[in-house]
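By convention here, the first residue in the shown sequence is residue 1. The structure displayed is predicted, hence computed values, not measured ones. Reckoned from all heavy atoms, side chains included, excluding hydrogens, waters and symmetry mates.
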Amino acid sequence: MNFNDAVKKYNDSPDDKTLYAVAEELCGELKLSEKLHMLSGQRFFLRNGFDLITKGQKYNCRPCLSGGVKRLGIPAVAFSDGPRGVVMGNSTCFPVSMARGAAFDEELEYEIGSAIADEVAAQGGNYFAGICINLLRNPRWGRAQETYGEDPFLLGKMGAALTKAVQDKGVIACPKHYAVNSIENIRFDVNVLCDDKTLHEVYLPHFKACIDAGAMSIMGAYNLFRGEHCCESRYLLKDVLRGQWGFTGFTISDFLMGVRSASKALTSGLDIEMPQLMRYTALPLDLKLGKISAEDIDNSVKSILRGLIKITPKIKPTPKSVVACKEHTDLAERTALEGAVLLKNDGTLPLNTDTKVAIIGRYANKINVGDHGSSSVFAPYTVTPYEGLCNVYGKGNVVLCEGTDFSEKENEIKACGAVILCVGSDYKQEGENLANFSKSDNVTEKAMGGDRYSLRIPAEEVELIHKACSAFDKVIVNIIGGSAYVITEWEDEANAIFHSFYSGMEGGNALAKLISGKVNPSGHLPFTMAKDEDDYPDFLFPSAKTRDITYGYYHGYTLLDKENKKADYPFGFGLSYTEFEYSDIKAQDCGDAVEISLSIKNTGALDGKTVVQVYAGAEGGHPVKLLKGFKKVFVKAGETVSGKVIINKDDLKFYDPENKTWYLENDYTFFVGQNSENTEAVKL
């Protein structure tokens with residue numbers, strides 16, 4: 001039997017029984033040397049690292065390969081990173097995942113996944129490791145931009161949509177980083193502790209959602225969990241992933257530092273060491289010494305084969321012309337429009353296109369689409385905020401002032417109808433930790449990426465906001481960044497505030513269309529913006545004397561509810577240029593699901609979209625409310641439409657750690673509204 005024979009047999013009878021059988025038969029055809037070859041990345045430094053020096057190439061400039069056996073036609077796993085697009089080549093740079101979480105739109109995320117899969121295939125890949133679903137426990141986390149927000153249900157829905165879209169195109173989808181990974185600067189040695197109830201209800205549901213959606217691979221995390229590195233945790237990789245969830249695919253390590261002990265990793269369920277054969281060089285000797293068995297090797301090989309047999313044959317020849325094609329760049333712009341969140345508006349917005357505007361700030365005309373780590377996408381072009389405004393308002397109607405000192409252009413700016421300030425963060429202030437390995441908690445100019453030591457806008461930009469709000473009549477602040485900020489010291493001074501995240505290659509055009517009212521804002525916060533930095537759970541920085549941290553059951557809006565605190569801007573918050581009114585809210589038991597129905601009226605003068613959010617609460621020591629359903633709904637001005645949100649009862653269950661089972665409470669209250677604090681309760 002060769003690979004094509006195995007695929008044909010599986011396609012004739014596509015069920016798990018056949019998949020396991022053909023993978024086992026094909027594994028039996030392999031020599032030991034071929035099996036060992038399947039378990040590691042190959043030539044990473046030759047194919048990627050060497051070119052960094054000789055050709056100025058970047059990480060993952062071509063697929064990172066692992067395994068593959070030409071004799072039997074078994075393809076290599078051809079890895080491409082993400083998640084804001086394909087890291088290889090000059091691909092479409094979509095808004096970061098956090099902006100897509102703010103869109104609250106599964107169908108849109110599916111479209112993005114389809115586009116990404118096409119661009120992976122067009123550049124020789126068959127594997128996409130861009131389904132980042134680590135939970136945003138504290139906005140200080142440097143890689144927050146790579147995930148969808150603070151809520152497990154939202155993470156699961158968005159991650160599952162991306163997973164399904166990618167694999168429907170024949171590209172293997174890889175959720176990451178499994179698990180409890182949300183601290184960056186000490187990611188290699190932080191040890192996360194949490195009880196089973198917290199683990200299964202808060203930190204694992206979104207991973208299970210992706211597995212249930214069909215994900216055929218998963219990446220382990222760098223950090224430790226209960227004293228063991230995640231890539232060597234039998235509990236995570238075997239007991240939960242395969243034992244409880246029935247995962248049929250294969251696991252890979254995070255790159256370079258993910259594996260510490262070859263024998264422990266393999267016997268715990270870690271199939272492929274990425275991106276290069278390093279620790280797994282010990283496997284032949286470990287086999288001789290009895291630290292691992294031939295069965296351990298076969299189990300990993302069969303897992304890899306199952307993933308390749310089930311998914312890769314779906315891939316179709318894709319021309320390179322699809323990479324950053326107009327359809328995809330238009331999708332990037334639409335995504336930026338859907339995800340931008342309007343936090344405040346006193347009536348200043350929208351601005352007519354015949355208005356003369358000024359744009360000020362260090363990011364006013366700078367390419368700033370996210371961090372420069374493993375998720376960095378090199379798009380063929382990027383539209384800056386200034387360029388976007390010029391495209392909508394006309395270049396002669398836009399005054400540009402880069403930096404934080406506008407004194408030389410103050411009179412010219414005063415002649416404008418409104419001023420837009422671009423503030424926030426860039427790759428130096430947050431992102432994957434690439435250069436800031438100091439034990440100091442101070443950010444230096446040499447820092448690149450890592451966790452945020454402060455959740456406030458940088459001091460010089462706060463001063464810019466104060467000065468601009470004093471000098472000019474109408475000031476709109478556009479926040480660019482990966483997650484939540486504490487903005488209480490200046491928010492009252494601004495006339496309007498947007499949070500546009502890192503909005504991708506078409507972000508400048510999207511911002512201009514939103515400011516001008518060509519498009520009505522419809523994004524909602526995928527996290528809580530607190531009034532104080534201490535309203536978030538504790539966090540560890542390099543200077544901490546310990547590397548142990550306990551992740552509690554509450555964070556974000558559940559923590560504020562528990563402590564009876566109000567957010568500055570609650571989870572799910574987002575304004576529009578129109579207003580919506582919900583009425584006739586009803587909950588109906590439909591067997592395996594609960595149906596929430598309501599009427600939605602657009603009471604304003606503009607067409608717009610609202611995100612109907614459904615939360616559930618129950619007695620018995622549980623959170624006051626938990627997001628369990630959402631739906632983005634378009635309503636024309638002055639019209640009323642019927643809305644319906646279906647809640648799966650399995651999503652309402654709680655975990656019993658003593659019996660290791662899931663159960664429903666007898667009574668639930670559903671909270672329906674436009675954010676986590678503005679809801680109407682209905683009992684069922």
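Here SG of Cys401 is found 10.5 Å from CD1 of Ile359. Values are rounded to the nearest 0.5 Å. Rounding to the nearest 0.5 Å places OG of Ser483 at 14.0 Å from CZ of Arg143.
Taking the centre and axis of the six-membered ring of Phe541, the NZ or CZ atom of Arg140 falls outside the cone set by 45° and 6.0 Å.
For the 3.5 Å distance criterion, the side chains of Ser425 and Tyr485 qualify, holding a donor opposite an acceptor. Residues Glu506 and Thr329 have side chains that never bring a donor and an acceptor to within less than 3.5 angstrom of each other.
When side chains are defined from C-beta on, Asp151 counts as touching Tyr557, because their heavy atoms get closer than 4.5 Å. Contact of the Arg456 side chain with the Glu533 side chain is registered, since non-hydrogen atoms from C-beta on lie closer than 4.5 Å. Side-chain atoms of Val383 and Asn391, non-hydrogen and from C-beta on, do get closer than 4.5 Å to each other.
Residues Phe472 and Phe406 bring their aromatic ring centres within 6.0 Å.
Counting non-hydrogen atoms of other residues, nucleotides and ligands closer than 6.0 Å to CG of Asn678 gives a total above 12.
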Exercise. Run the side-chain hydrogen bond (donor to acceptor under 3.5 Å, both in side chains) check on Glu387 and Tyr381 step by step: do they pass?
Worked result: CA-CA 12 Å; Glu387 291 168 343; Tyr381 69 87; over 6 Å; no
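A donor-acceptor contact shorter than 3.5 Å is absent between the side chain of Asn134 and the backbone of Ser182.
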